[in-house]
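Inspection log for the structure reproduced underneath, given as structure tokens.
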Amino acid sequence: MPAVEISELTKDYRLGFWSKRRKPALDHLSLTVESGEVFGLLGPNGAGKTTLLKLLLRLIFPTAGSASILGRPVTDARAHARIGYLPENPYFYDHLSATEFLNYAGWLCGLNAAARRRRAGDLLERVGLAESAGVPLRRFSKGMVQRVGIAQALMNDPDVIFLDEPMSGLDPLGRRQVRDLILDLRLQGKTVFFSTHILPDAETLCDRVAILNRGRLQGLGSLQELLGASVESIELVLDDPSPHALEPLKSFATASVRTGNQVRLELAASNDVDAVLATALSAGARIVSLNPVKVSLEDYFLAHVQDPAGNESPRPGRK
Amino acid sequence: MSRIAAIAVHTFKESVREKVLYNLVVFAFLMIGAGLILGTVSVGINEIAFVNLGLSAISVFGLLIAVFIGISLVWKEMERRTLYNVLSKPVARAEFIIGKFFGLVLTLAVNTAIMTAGFYLVLWYEKGRLAAPDLAPLEAIYFILLQLTLVVGVALLFSTTSSPALSAVFTLSLYVIGNLLDDLRVLGEQAGSGGLRGLLRLLSVVLPDFGAFSDIAPAAHGELVPGGRIFTHSLYAVLYATVLVSATILIFERKDLR
């Protein structure tokens, strides 16, 4: 059974209270997320990522289309017994301590008092907040709030976890912790559905990604499916080559850049690598590296979210 | 049921940690204490004056607590987006509203109980002993609590649709009008136009009759309320609160949380 099934999901927002004009925030979106995969939802600001997550979490209602989680319509509260959710830039109750907050989250999930206490302790340990368990949330830093937010999302040991921009605003250490946590969840067989505009995170974590722009699906699949396996070009890096050593290689190179003592040559993918290497070695050049250059997710992303003039597509409506 | 209890307990906890609540309770105690002084200067009617002022303090400060915490109940959760977290759990929107309602009613009940204890402590100090007629204020306090339950229902309804400032204006306006329904009925009977008469009659039936719960003056004179009236007023409050909470749920069920 798919973890998430979305069919022709559409959400329009009215442009003003009195206006009858509407703009689509999400436009007939269809996709399926399989159980156990880490699925990334990518797109620029205003692409419709948060709108999609809000629809799945029944925080807003669709204009048309439908969605289900683990076989149940998203409007069915029972579907939510098996999911966890971390909102974007989360804000939790100031007056509660981390333990009290997790106790409340667990209670809402139907856990009994003993299970809540045990689970809250385990999760605070897991997200590195055990020592701050009794501290009011108003004293938490942004990174700590994000971590307690992840802990509350996991209180019911969910099968599907939705994370809205989980790395947003975190320092490198915090981002690393969240990344490790997502990988850990994947190892446990959980489905993780997260939105991000931080492309390296998506490349590191995702089994599959969907690219949204202006509420429309621009691409869907594994990174290999989207980017292809073909090599675009070859990058040859040489250590402080003399002009004499560079001369025979110029016939292979489409571009050449010197950075400090190193020269980076970009070679067409059609070149015979063995011949290039032989030429470089016979000219006395010291080779630092030789790498195939593939299309990056960033290249793909930019190609699909920019208009022909190179501008980022305008935001269609409210997120 | 467990989820409603969770939300109610959380709302209670949140309310009792609000500083404004303590300020209001302290003011209520000051007012009750002032009744003691007033009673001393009004020779012969000291007990009546004290009961009047004490019950009025409980009523007014209860109203302020009901309005100022009630109006921000749902709005704050929407504005700060803490509601996202609640509704992502297996919680129906109706459960959220019912839990919020009972949480604030619980807060008011506990506050009213504390103020009542203070009131009786001062009354006991004033009289030296308490007797059966002294139960009359307790009945008036019960009516105040019923009235506050309706105020919470009204505040909750407005809280889902408007900002706290507007909700406060609407709730307090409705409270004032609801205390003047008898006058509205008389005005309706005297109205020349048939349409206006019908409208005023309809309003006097449909709007919450807050005035019906005002029983302070008889209580000050030690008059006990007939059992039948306690029953009908309780039934009215329960039914009206059910209508208010149901209307809130109907609106909230369709609301996009943007």
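First the proteins, then the strands, lettered A, B, ... as listed; each starts at 1. From a predicted model like this one, the values you see are computed outputs, not experimental measurements.
- At most 12 non-hydrogen atoms from other residues, nucleotides or ligands lie less than 6.0 angstrom from CD of A:Glu125.
- Electrostatic pairing of A:Lys190 and A:Asp184 does not count as a salt bridge here, judged by no charged N lying under 4.0 Å from a carboxylate O.
- Proximity to chain A is limited to the backbone of B:Lys255, based on heavy atoms less than 4.5 angstrom apart.
- Between chain A and the residues B:Glu14, B:Lys76, B:Arg81, the most heavy-atom pairs under 4.5 angstrom are made by B:Glu14.
- With B:Phe252 as the aromatic partner, B:Arg93 meets the cation-pi criteria of under 6.0 angstrom to the ring centre and within 45 degrees of the ring axis.
- Both the backbone and the side chain of A:Asn89 come within less than 4.5 Å of a heavy atom of chain B.
- The CG atom of A:Asp164 lies 7.5 Å from the CG atom of A:Leu86; values are rounded to the nearest 0.5 Å.
- Interface residue A:Gln152: backbone and side-chain heavy atoms are both found under 4.5 Å from chain B.
- Contact of B:Val86 with chain A is made through backbone and side chain together, with heavy-atom distances under 4.5 Å.
- For the pair B:Val169 and B:Ser173, the tightest heavy-atom approach, listed with the atom from each and the gap, is O-OG, 2.6 Å.
- A salt bridge does not link A:Lys49 with A:Glu88: none of the charged nitrogens is closer than 4.0 Å to a carboxylate oxygen.
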- Task: Run the numbers on A:Phe162 and A:Tyr85 for ring pair (Phe, Tyr, Trp, His ring centres under 6.0 Å), then give the verdict.
- Result: CA-CA 5 Å; A:Phe162 295 94; A:Tyr85 170 57; 7.3 Å; no

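- Between B:Leu257 and B:Met78 the shortest heavy-atom distance is CD2-SD, 3.6 Å.
- Contacts with chain B were tallied for A:Asp94, A:Leu57, A:Leu56, A:Leu59; A:Leu59 has the most, counting heavy-atom pairs under 4.5 Å.
- Most heavy-atom pairs under 4.5 Å with chain B: of the set A:Met155, A:Arg82, A:Glu100, this distinction falls to A:Glu100.
- No part of B:Ile4 comes within reach of chain A, as not one of its non-hydrogen atoms sits under 4.5 angstrom from that chain.
- Of the listed residues (A:Ile83, A:Leu96, A:Thr75), the one with the most heavy-atom contacts under 4.5 Å to chain B is A:Leu96.
- Below 30°, between 30° and 60°, or above 60°: for B:His233 and B:Phe143 the angle between ring planes is below 30°, a parallel geometry.
- Ion pairing of B:Glu95 with B:Lys89 is absent here, as no side-chain N (NZ or NE/NH1/NH2) approaches a carboxylate O to less than 4.0 Å.
- Between the side chains of A:Tyr91 and B:Glu79, not a single donor N or O lies within less than 3.5 Å of an accepting N or O.
- With a 4.5 angstrom heavy-atom cutoff, B:Glu253 touches chain A only via backbone atoms.
- Inspection of non-hydrogen atoms places no residue of residues 144-165 of chain B under 4.5 Å from chain A.
- With chain B as partner, the option from A:Cys109, A:Ala79, A:Pro87 having the largest number of non-hydrogen pairs under 4.5 angstrom is A:Cys109.
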